[in-house]
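Everything below concerns the one structure shown next.
Just so you know, these numbers come straight off a predicted model, no measurement behind them.
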There are 2 protein chains.
Amino acid sequence: MKRNSQLSGVLHILLHMAEHDGPVTSELLARAMTTNPVVVRRIMAGLREQGYVRSEKGHGGGWSLACDLQKVTLRDIHEALGGPPLLAIGNRTEAPGCLVEQAVNAALDTAFRDAEALLLERLGEVTLAALSADFHKRFAARGGARELEKAHAG
Amino acid sequence: MKRNSQLSGVLHILLHMAEHDGPVTSELLARAMTTNPVVVRRIMAGLREQGYVRSEKGHGGGWSLACDLQKVTLRDIHEALGGPPLLAIGNRTEAPGCLVEQAVNAALDTAFRDAEALLLERLGEVTLAALSADFHKRFAARGGARELEKAHAG
DNA sequence: GTTTCATGTAACATTACATGTTACGAATCT
DNA sequence: AGATTCGTAACATGTAATGTTACATGAAAC
């Protein structure tokens, strides 16, 4: 089962935008993530609707942040992405007629809900500002001389 | 993202076996789960290797339980299935060169690990015996007159 | 105004993976 | 021997994520 990495990808994009003055093009963001500009636009669509980012067309256009990083949590971003399922495992059937399956589902569901709730809680505790600060700490520790965009090389 | 339901399926199978005297054929189990006998054999392979179930070939053969339901937890079963990932979301890249991504991964990883640990803990608290007891409770409540195999109809 | 740049989006292609199916060999019972 | 049942490999199918192409729309530069 392949893991969904949209959240990870979007956060990556947002932090890059935070380090950048003025709009950033989908093209540039896509290169930073080794993917396609269209993919970037696609996953950013939800964020735009929620007002977390803005996009501008034409010359000098691109994406820019439109929110206070202190106020937005990873959970907010997750929800802006449509709140995809967090757990990789689930029940074979919802509302099964089989009593055996009902018992199985009941047992698993509690465990699933608890884990999901914990995860959401944790995501709600981390702001984009905290993430950005962590990045800056790493950047300073590693030798901030290099240009930001180059940091992708490794 | 489609959820993996092997654990759910296997538990279903195990509880059915618990209600059945003597070996149960893959064919019968498959019918109960609206799937294919080969699929049943496939997902049972791990359990057999761990000694939780036995299989016998030929006439009168099939699957039977080979463990103490009191001693086996849902976590054990999950691990016997190869311990597939529990979380549906993950990082875009492990060990990225990009510092931005490192910061993102670090933040997400803690949340992920905590949630996964909680889920495993919960699964470790539920024994197959507890599951079976829950089923019997439901069965009695609903009117145990009907035959077990028929319980699938709904 | 026309050219260039950039997003917006639909449609299509590709990949990855879980699940389903077929086929046949090996073991066991009648 | 014949029927049954598992074991397993090989192949087929369904579906979701991701990548790509194509073209329309809007905005700036010239």
Review point. Nearest of D:dA22, C:dG8, C:dT21 to any side-chain atom of A:Ser55?
Key: C:dG8
Check your understanding: To the nearest angstrom, how far is B:Arg31 atom CZ from C:dG20 atom C1'?
Key -> 17 Å
Exercise for review: Rounded off to whole Å, could you give me the CD1-to-P distance for the B:Ile43 and C:dT21 pair?
Suggested key: 14 Å
Review point. OP1 or OP2 of D:dC6 sitting under 4.0 Å from any side-chain N/O of B:Arg41?
Key: yes
Point to revise | hbond_proxy A:Arg48 side chain to C:dG8 base (donor-acceptor, 3.5 Å cutoff) | key: no
Check your understanding: Is any side-chain nitrogen or oxygen of B:Thr35 closer than 4.0 Å to OP1 or OP2 of C:dT19?
Key -> no
Point to revise | Candidates C:dA6, C:dA26, D:dG19 - which lies nearest the side chain of A:Thr25 | key: C:dA6
Check your understanding: Aromatic ring centroids of B:His16 and B:His20 under 6.0 Å?
Key -> no
Check your understanding: Taking atom C1' of D:dC6 as reference, at what distance in whole Å does atom CE of B:Met17 sit?
Key -> 13 Å
Review point. How close or far is atom P of C:dA6 from atom CZ of A:Arg54, stated in whole angstroms?
Key: 16 Å
Exercise for review: Would you indicate which nucleotide in C:dA6, C:dG20, C:dT30 comes nearest to any side-chain atom of B:His59?
Suggested key: C:dT30
**Study point:** Closest listed nucleotide, where the reference is the side chain of B:Lys57 and the choices are D:dG26, C:dG20, C:dA26
**Key:** C:dA26
Study note, to complete from the structure: Ranking D:dG19, D:dA22, C:dT19 by distance to the side chain of B:Gln6, first place goes to C:dT19
Review point. Can A:Asp109 and A:Arg113 be said to form a salt bridge (charged side-chain N to carboxylate O under 4.0 Å, His left out), step by step?
Key: CA-CA 6 Å; A:Asp109 280 343; A:Arg113 264 185 308 136; over 6 Å; no
Review point. Taking atom P of D:dT21 as reference, at what distance in whole Å does atom CZ of A:Arg42 sit?
Key: 13 Å
Check your understanding: B:Asn4 has an atom CG; how far is it from atom C1' of C:dT19, in whole Å?
Key -> 11 Å
Study note, to complete from the structure: A:Met33 atom CE is separated from D:dT18 atom C1', nearest whole Å, by 12 Å
Review point. A:Trp63 has a side chain; which of C:dG8, C:dG20, C:dA27 sits nearest to it?
Key: C:dG8
Review point. Quick one: A:Asn36 CG to C:dT9 C1', roughly how many Å, whole number?
Key: 13 Å
Check your understanding: Once you round to the nearest 0.5 Å, how far does NE2 of A:His78 lie from CG of A:Leu7?
Key -> 6.5 Å
Point to revise | Minimum side-chain heavy-atom gap A:Leu65-A:Leu14 below 4.5 Å | key: yes
Review point. Is it true that B:Val126 and A:Leu118 fall in one hydrophobic cluster, defined by side-chain heavy atoms closer than 4.5 Å?
Key: no
